[in-house]
Amino acid sequence: MKKKRTIKQTIEFYVMTVAILLGVLLTLTMIVSSFISTDAVLLDNMQMMAKTASQNVGANLHLLTDRMANLALEQTLTDEKASVKEKQQVLDERETRIEFVWLAGYDLSGKKLYGDERAPDNIDDKKYYSYLKKTENIVIDEPFYENNVWQLCVALPMKKDGEVDSYLIGSYNYDILNDVLTNINMGVTGSSYIINEEGTIIADKDQENMQKHENIYELYPSKRNQDIFNNMINFQIGSESMYLKGVRHYVAYAPVPGTNWTLIVDAHRREFQTALFVSVFVCILLAGFLLLAARFVIVKMADSISASLSLATGRLTSLSEGNLKDEVVLAKTNEEAQILTSALAKTITSMDEYINDIKSSLGYLSEGDYSREIPDSFRGDFVAIREALSSITDSLNEMMQKINHSSLAVNENSSEVSEYAKRLYDGSMEQEVALERLIQSIQQITEQIAHITENADQVKWCAKSAQEKVEQGQTQMDIMLETMHDIYENMQEIIKISLMIEEISSQTSLLALNASIEAAHAGESGKGFAVVAQQIGVLSDQTTSALKQTGAIIEQANLSIEKGLKTADVTADSFQEIHQATEKFHEISHSMAEVVEQQKEAVHTVTKEADKVLEIANTNQQLAKETDETAELSLNQAAELGEVVASVKLRGGALE
């Protein structure tokens with residue numbers, strides 16, 4: 001099973017994860033932005049450098065052309081009368097003052113007229129010669145290698161009367177142009193060179209490369225490079241990052257004023273990124289150091305938070321085990337932990353008070369004391385528990401009041417039945433004695449007819465009185481039986497209420513279980529509510545247990561009521577039999593009166609009727625005895641019910 005992280009480990013994990021992600025993200029952002037900004041800055045600087053260098057090259061070339069233009073203004077060179085020797089002297093003199101390799105004059109066909117012996121005899125094969133004829137203006141030739149020297153020719157037409165009559169050509173040392181290229185420094189491996197309108201490299205600060213006469217289209221072939229080279233030879237100014245032979249380079253270019261050339265400044269990209277890589281490495285080290293420092297701070301903060309929350313989690317653990325007595329140690333951090341521990345302390349105190357109130361209330365009910373009021377200390381959802389307890393207590397009070405009244409009625413009816421049974425028994429005893437006397441004096445019937453008539457009237461009156469008493473007892477017994485049935489029905493309603501309360505308790509337990517499940521879904525934030533829900537479930541279980549005890553008491557009372565109801569039914573049956581016997585007795589007494597009236601005609605039947613009356617009297621005596629025993633049993637049961645009711649304390653004082 002995977003071990004769960006502590007809150008300290010969780011805080012450290014997530015905060016450090018976020019810090020590392022932020023550090024990596026910021027570092028990557030810095031690296032990317034550094035590369036992008038470096039590219040942009042270098043390309044801008046190189047473009048300015050290329051533009052400035054091309055202007056310097058143009059200025060130097062302009063200086064060369066100015067020198068040639070000034071030389072062309074020499075009168076000796078334009079004077080037709082001047083000899084070749086004189087013109088040669090002028091050229092020789094200028095060669096000593098200016099860094100010319102050679103100077104010479106040529107006719108329109110390109111043949112040398114005068115000049116330095118190192119000058120070519122004919123220039124008709126030179127590229128600048130064709131330009132001279134086309135433009136009739138100053139022309140700067142591409143650098144060339146001759147006589148072990150790199151040279152740069154400047155040619156201009158010599159005009160007379162507005163017409164070109166010859167050409168003056170001067171060859172400068174290439175160093176004049178190379179000085180500009182050499183001074184362009186772009187790192188250790190950087191280079192600068194000049195291309196012509198065809199893309200051929202005609203000048204390079206590394207003169208060995210000039211002898212190759214390489215073409216940049218052939219040297220660095222690619223579609224993108226071709227587009228950039230087209231921009232170069234179309235006299236545009238720009239800078240690009242491009243791949244040259246698979247290596248990334250910064251390239252800036254600008255046209256050279258007054259020529260068809262383009263100056264290119266080239267530098268390896270990685271050479272300028274070395275310092276950037278060093279700075280990135282330093283930043284990574286700094287970020288690592290800051291992460292370590294942040295981890296130290298985070299661990300210290302996590303320790304503080306964990307220590308604060310451990311006060312609450314420890315107490316919640318003991319609370320989940322049912323410990324409501326220990327005090328909650330309050331966190332003094334002025335943060336959520338302090339609020340949590342304070343709320344937990346209040347919750348435990350409230351729950352302890354609720355449980356004590358419920359325990360004491362259920363204790364009073366289990367002891368039969370229904371007179372106690374439920375404390376009004378419940379708040380929130382716990383008010384439903386108080387209302388349920390109050391409803392149970394009210395129902396029990398009302399039920400016990402009804403049982404008390406019913407037991408008193410049963411007691412009174414049983415007393416009356418017992419009294420009537422005793423009277424009936426006494427009457428039966430007297431009847432038996434009278435019948436015995438009647439038998440003994442059967443021979444004296446004739447002489448004592450008047451006495452017999454009087455006795456017969458008395459018997460008739462007693463029978464009538466007994467019948468009335470029996471009917472009255474029957475009526476009382478019916479009332480008692482109806483009351484017992486009402487008590488039984490009320491007891492059934494009490495049982496239904498108890499079952500309903502038990503169902504409510506079961507639903508409360510189910511609600512607590514659902515609340516615990518929902519709190520578990522909520523994670524850490526629902527732990528406190530889960531504990532409360534669990535305690536509600538415990539309270540529901542305790543309520544169910546108390547209801548079971550109350551149900552046992554109600555069941556016992558129900559059994560006693562059922563037993564009393566059965567006894568009342570037996571007593572009612574006995575009264576019915578007594579009623580039937582009294583009716584028979586009344587009929588017999590009526591018959592006796594008729595016999596007295598007819599005794600003269602039926603003296604011989606007196607003995608038989610007397611025996612029958614004696615038998616009936618014995619039966620009445622036996623019935624009276626049984627009725628008395630039944631009434632006594634009913635009294636005992638009523639007394640037991642009264643004791644049960646008397647042991648219960650109800651609101652409004654003791655039961656009477």
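Along the sequence shown, residues are numbered consecutively beginning with 1.
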**Message:** Keeping Thr262 on the side-chain end and Met232 on the backbone end, is there a donor-acceptor pair under 3.5 Å?
**Reply:** yes
Would the distance check show the side chain of Asp107 and the main-chain N or O of Ser109 forming a donor-acceptor pair, the cut-off being under 3.5 Å? yes
Minimal heavy-atom distance between Tyr129 and Ile123, with the atoms involved, is CB-O, 3.1 Å
ask   = Is there a donor-acceptor pair under 3.5 Å between the side chain of Tyr172 and the backbone N or O of Leu64?
value = yes
Contacts of Tyr220 meeting ring-ring contact (aromatic ring centres under 6.0 Å, His included) (sequence neighbours excluded), chain-then-number -> none
Donor-acceptor pair, distance only, cut-off 3.5 Å: does the side chain of Asn215 make one with the backbone of Glu198? yes
Can you tell me if Lys51 has over 12 outside heavy atoms packed within less than 6.0 Å of its NZ?
no
Rounded to the nearest 0.5 Å, the NZ atom of Lys126 sits from the CG atom of Leu132 at a distance of 13.0 Å
Taken to the nearest 0.5 Å, the spacing of Met68 CE from Leu73 CG works out to 11.0 Å
Are Glu86 and Val90 close enough that some pair of their side-chain heavy atoms sits under 4.5 Å apart? no
Glu163 CD: over 12 foreign heavy atoms closer than 6.0 Å = no
Here the gap from Ile237 atom CD1 to Asn231 atom CG, rounded to the nearest 0.5 Å, amounts to 12.0 Å
Determine the interplanar angle of the Trp150 and Tyr174 rings, folded into 0 to 90°, and report it as parallel if under 30°, tilted if 30 to 60°, perpendicular if over 60°. tilted
Nearest heavy-atom approach of Gln151 to Ser171 is OE1-OG, 2.5 Å
Electrostatic pair Lys127-Glu197, nearest N-O below 4.0 angstrom = yes
Check: Is there a donor-acceptor contact under 3.5 Å from the side chain of Thr135 to the main chain of Tyr131?
Finding: yes
- How are the rings of Phe229 and Tyr217 set relative to one another: parallel (under 30°), tilted (30 to 60°) or perpendicular (over 60°)? perpendicular
>> With a 6.0 Å cut-off (strictly less than), is the heavy-atom count around NZ of Lys111, excluding the residue itself, greater than 12?
In response: no
